[in-house]
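Just so it is clear, the values below take in all heavy atoms, side chains as well, and ignore hydrogens, waters and symmetry mates. Order of listing sets the numbers, starting from 1, for every ligand and every atom in it. Computed from a predicted structure; not experimentally measured.
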Amino acid sequence: MRNATNLSLDGRVALVTGATRGIGAAISDRLAANGACVIGTATRAEGAEAIGARLADAAAPGAGYQLDVADPASVEALFKQIKSDIGLPSIVVNNAAVTHDDLAMRMSEEDWSSVIEANLSGVYRVSKAALRGLMKAENGRIVNISSVVGQTGNAGQINYSAAKAGLLGLTRSLAREVGSRAVTVNAVAPGFIDTDMTQALDAATRERMLDQIPLDRLGAADEVADAVSFLASPAAGYITGETLSVNGGLDMGG
Ligand code: NAP
């Protein structure tokens with residue numbers, strides 16, 4: 001008889017960027033519940049405090065820190081701080097992201113570059129800063145949160161979908177670079193998940209979305225967290241460079 005699936009994250013330190021709310025908060029809760037010490041980040045000091053309080057309420061080890069992934073100095077300062085406070089992470093979940101939607105004809109330089117900076121360059125920065133620690137750790141893990149719109153495209157989101165598609169290329173290339181050091185790099189591509197980001201959509205857009213989802217509902221942040229915690233676990237040790245879609249069947253493109 002074989003053992004049960006090993007989903008335990010006992011003894012692991014997990015960094016989750018953008019852990020204040022929505023999917024990031026669900027991911028940090030799930031990783032903590034599975035045994036990890038979670039370092040969750042927020043853009044503001046109050047957000048970082050709230051993450052710390054949330055972990056403490058659940059009697060989970062870990063802490064909140066301030067981070068702006070669009071600022072190289074902020075990424076550098078975070079890694080310096082966590083190295084001395086807690087230790088470098090062996091699991092990194094690149095979740096932080098922003099949207100500045102507009103049709104291509106009307107998109108400003110600022111809307112384009114701020115989304116690429118946070119959603120794509122931010123992942124490059126955080127992953128690069130984490131690499132040495134990940135390679136030293138046994139079975140390092142990076143999980144990048146992409147999006148179904150990086151796979152299918154979406155009118156009004158050329159900046160966001162370009163960043164999310166770019167993330168898939170980054171994921172596969174980095175997976176090839178670090179595979180020999182037992183570090184896996186995967187992506188999770190959520191569909192439409194019930195968070196602040198989708199609550200900002202107008203009613204007509206939401207209705208159109210629902211019409212295209214075979215499971216006929218928005219996803220829950222917890223359902224994305226389940227996919228992330230699986231990829232972060234020992235059970236996913238032979239999966240790398242992969243994109244796991246969590247989209248209710250919205251896109252089955254493979
Ligand atoms: P959300 O509710 O808007 O939360 C975004 C998080 O990112 C917040 O914690 C925010 O921190 C943080 N953040 C924003 N800018 C940052 C920066 N420059 N540096 C560091 N952190 C920053 O988003 P969500 O809906 O949970 O989405 C989470 C991830 O899933 C994102 O990568 C998103 O693209 C992806 N996704 C979401 C959906 C969906 O339907 N919701 C679908 C597909 C993919 P503060 O609270 O401090 O601002």
Side-chain angles (χ1 to χ4, degrees), residues 15-30 38-52 54 64-79 92-101 113-127 129 142-154 157 159-168 170-171 187-201 205-206 209-210 212-213 217-225 227-228 243-248 250-251:
L15 170 65
V16 182
T17 65
T20 52
R21 51 199 159 94
I23 292 170
I27 292 169
S28 34
D29 286 357
R30 185 67 91 249
V38 172
I39 296 162
T41 78
T43 56
R44 292 174 305 121
E46 310 86 81
E49 269 168 41
I51 291 169
R54 190 180 167 95
Y65 287 85
Q66 211 174 336
L67 172 69
D68 176 2
V69 294
D71 176 5
S74 171
V75 174
E76 196 184 322
L78 173 79
F79 275 83
V92 174
V93 183
N94 285 303
N95 167 78
V98 292
T99 51
H100 292 293
D101 300 348
S113 51
S114 60
V115 168
I116 299 293
E117 265 306 298
N119 299 9
L120 183 57
S121 307
V123 173
Y124 148 72
R125 270 176 212 121
V126 171
S127 303
I142 297 179
V143 183
N144 295 322
I145 309 301
S146 179
S147 168
V148 66
V149 307
Q151 299 163 309
T152 63
N154 195 23
Q157 290 196 307
N159 49 2
Y160 181 80
S161 55
K164 294 299 186 180
L167 211 45
L168 302 182
L170 182 157
T171 298
V188 169
F192 291 91
I193 309 298
D194 200 3
T195 68
D196 292 352
M197 212 176 250
T198 43
Q199 270 153 26
L201 298 171
T205 309
R206 271 173 84 96
M209 289 306 159
L210 281 176
Q212 297 167 42
I213 302 173
R217 61 176 177 86
L218 296 187
D222 281 346
E223 292 172 311
V224 179
V228 172
T243 301
L244 180 48
S245 293
V246 183
N247 64 23
L250 174 63
D251 177 58

inquiry  = Check this for me, if you would: do Arg54 and Asp29 make a salt bridge, where the nitrogen-to-carboxylate-oxygen distance has to be below 4.0 angstrom?
reply    = yes

ask   = From Met209 CE over to Leu218 CG, what is the distance, rounded to the nearest 0.5 angstrom?
value = 10.0 Å

Is there a side-chain contact between [X] and [Y], using heavy atoms and a 4.5 Å cut-off?
| X | Y | result |
| --- | --- | --- |
| Leu67 | Val69 | yes |
| Gln199 | Asp194 | yes |
| Tyr65 | Ile51 | no |

query = Which protein residues have a heavy atom closer than 4.0 Å to any atom of ligand 1, listed by chain and number?
reply = Gly18, Ala19, Thr20, Arg21, Gly22, Ile23, Ala42, Thr43, Leu67, Asp68, Val69, Asn95, Ala96, Ala97, Val98, Ile145, Ser146, Ser147, Tyr160, Lys164, Pro190, Gly191, Phe192, Ile193, Thr195, Asp196, Met197, Thr198

request  = I would like to know whether Ile27 and Val143 meet side chain to side chain contact (heavy atoms under 4.5 Å, CB included); could you show each step before the answer?
outcome  = CA-CA 11 Å; Ile27 292 169; Val143 183; over 6 Å; no

